[in-house]
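Inspection log for the structure reproduced underneath, given as structure tokens.
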Amino acid sequence: MYKDSKNLLPPLAPETIVWKYLDLSKFLALLLSNKLFMSRSDKFEDQYEGTFSEPTFEEIKKISKDNPDFLHHYKQKRKNIVVSSWHINEYESFAMWQIFTKNKEGIAIQSTVERLQKAMDAETRIDQYIGEVNYIDYKKELIPFDDEFFPFLFKRKSFQYEKEVRIISDATPLDIDVHEGIKINVDIEQLIEKIYIHPKSEDWYKNLVLELMQKLNFKFHVEKSDLESDILI
């Protein structure tokens, strides 16, 4: 269930538009299971995920002198913190299509922060929170550490293009070994407002997606991305 009680960062406006770019197989897995995959935080390509900036680490080392378990606790927590990444943008992002889809095929889910919040009410085992990622200089800037989620809501400035917002959860109450991640229950009708099809895809691909929606009895608005529309002279 979505919770807004954690004061992670300044809250996002409910109407904020968010996107998720994914291939057709992952999209179908979402529709067929009614479950959203959340990745284990230390499994991302960025090795700095869930770690601290240099000024923060110096502060933590001082604390750890009198409390040696303090740093160990933070290291272990990375194995149970799970994340679903979304992209904040009023419009489609050509860069996101390039990064997250291949072979001129793929799907973009358009949603809003409010829709994400409502969709997660279907999950009752663990709580979810939403936070916007801050991009900082890890050599100079401090990451707060008075909340265990803070390290997972900061990234290096070189990732600013991602404009990321995260659904974030602590899987500890599930009492399971989190390998690559976990799946949480979601209300698909709430989660998805509109579906866009890859701008370079062929007509057969759009027809395939429309046919799949019909067979699965979903009535989402589906349209071809207009990033490759005809140029008018």
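These values consider heavy atoms only, across backbone and side chains, with no hydrogens, waters or symmetry-generated copies. Source: prediction; values computed, not measured.
- Within a 6.0 Å sphere centred on NZ of Lys104, other residues, nucleotides and ligands contribute 12 heavy atoms or fewer.
- Nearest heavy-atom pair across Trp19 and Glu90 is CZ2-O, 4.2 Å.
- Side-chain contact check for Asp170 versus Lys77: some heavy-atom pair is nearer than 4.5 Å.
- One finds no salt bridge joining Glu58 and Lys62 here, because no Lys/Arg side-chain nitrogen approaches an Asp/Glu carboxylate oxygen to under 4.0 Å.
- Considering CZ of Phe159 and CD of Glu49, their distance stands at 7.5 Å, rounded to 0.5 Å.
- The hydrophobic clustering, which links ILVMFWY residues whose side-chain heavy atoms are closer than 4.5 Å, places Leu31 and Trp86 together.
- Here the side chain of Lys224 pairs a donor or acceptor atom with the backbone of Ser201 at under 3.5 angstrom.
- One distance of note links CG of Leu216 with CD of Glu211; it measures 10.5 Å at 0.5 Å rounding.
- You'll find the side chain of Lys79 reaches within 4.5 Å of the side chain of Arg40, heavy atoms only.
- A distance-only check finds a donor-acceptor pair linking the side chain of Ser41 to the backbone of Arg78 [under 3.5 Å].
- For the pair Gln117/Ile130, a side-chain contact is recorded, criterion being any heavy-atom separation below 4.5 Å from C-beta on.
- Pairs engaging residues 97-116 under the ring pair (Phe, Tyr, Trp, His ring centres under 6.0 Å) rule: Tyr21-Trp97, Trp97-His198 [sequence neighbours left out].
- One N or O on the side chain of Ser111 and one on the backbone of Leu191 form a donor-acceptor pair closer than 3.5 Å.
- Side-chain heavy atoms closer than 4.5 Å link hydrophobic residues (I, L, V, M, F, W, Y) into clusters, and following such links, possibly through other members, connects Leu208 to Ile107.
- Atoms CG and CZ, on Leu30 and Phe37 in that order, are 12.5 Å from each other to the nearest 0.5 Å.
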Run Ile126 and Ile184 through side-chain contact (heavy atoms from CB on, under 4.5 Å) and show every step you take. CA-CA 9 Å; Ile126 56 174; Ile184 64 167; 4.3 Å; yes

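- A donor-acceptor contact under 3.5 angstrom links the side chains of Ser85 and Glu164, judged on distance only.
- A heavy-atom distance below 4.5 Å is found between the side chains of Tyr135 and Glu162.
- The two residues Tyr48 and Thr51 come nearest to each other via the heavy atoms O-OG1, 2.5 Å.
- Listed here is the closest heavy atom pair of Arg125 and Leu174: CB-CD2, 3.7 Å.
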Could you walk me through whether Lys163 and Asn89 satisfy the side-chain contact (heavy atoms from CB on, under 4.5 Å) test, starting with their C-alpha distance in whole Å, then the side-chain angles of each, then the deciding distance to 0.1 Å, before giving a yes or no? CA-CA 8 Å; Lys163 299 173 66 175; Asn89 210 326; 3.9 Å; yes

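- Partner of Val82 under the side chain to side chain contact (heavy atoms under 4.5 Å, CB included) criterion, out of Ile182, Ile168, Ile167: Ile182 alone.
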Under the side-chain contact (heavy atoms from CB on, under 4.5 Å) criterion, do Tyr138 and Ile143 qualify, and how do the steps go? CA-CA 9 Å; Tyr138 268 52; Ile143 295 176; 3.8 Å; yes

Full working for side-chain contact (heavy atoms from CB on, under 4.5 Å) between Val113 and Ile88: CA-CA 9 Å; Val113 167; Ile88 301 175; over 6 Å; no

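- Between Phe27 and Met213, the shortest heavy-atom distance links the atoms CE2-CE, 3.6 Å.
- Contact between Thr101 and Gly106 at its shortest, heavy atoms only, is CG2-CA, 3.8 Å.
- In this structure a side-chain-to-backbone donor-acceptor pair under 3.5 Å is missing from Asn103 to Glu105.
- Side chain of Ser53 to backbone of Glu141: a donor-acceptor contact under 3.5 angstrom is found.
- More than 12 heavy atoms of other residues, nucleotides or ligands shown are found within 6.0 angstrom of NZ on Lys43.
- At a threshold of 4.5 Å between side-chain heavy atoms, the hydrophobic network of Ile, Leu, Val, Met, Phe, Trp and Tyr places Leu210 and Leu212 in one connected group.
- Between Phe218 and Phe220, the ring planes are parallel. Angles under 30° get that label, and only those over 60° would be called perpendicular.
- The heavy-atom pair separating Gly131 from Leu153 by the smallest distance is O-CD2, 3.7 Å.
- Environment of CD in Glu189: crowded, with over 12 heavy atoms of neighbouring residues, nucleotides or ligands closer than 6.0 Å.
- Here Lys20 contributes atom NZ and Ser84 contributes atom OG; the two are 3.5 Å apart, rounded to the nearest 0.5 Å.
- Within a 6.0 Å sphere centred on CD of Gln214, other residues, nucleotides and ligands contribute 12 heavy atoms or fewer.
- In this structure, the side chain of Gln110 does not engage the main chain of Ala108 through any donor-acceptor pair within 3.5 Å.
- Judged by distance alone, with hydrogens and angles left aside, the side-chain atoms of Arg166 form no donor-acceptor pair with the main-chain N or O of Val83 at under 3.5 Å.
- Interatomic distance, Lys206 NZ to Ile197 CD1, rounded to the nearest 0.5 Å: 6.0 Å.
- Put simply, the side chain of Arg115 gets close to the backbone of Gln190: a donor and an acceptor are under 3.5 Å apart.
- Separating the OG1 atom in Thr56 from the CD1 atom in Ile136 is a distance of 6.5 Å, to the nearest 0.5 Å.
- If you chain together hydrophobic residues whose side chains sit under 4.5 Å apart, Tyr91 and Ile99 never meet in one group.
- Contact annotation: the side chain of Glu193 approaches that of Thr112 to within less than 4.5 Å [non-hydrogen atoms, C-beta and beyond].
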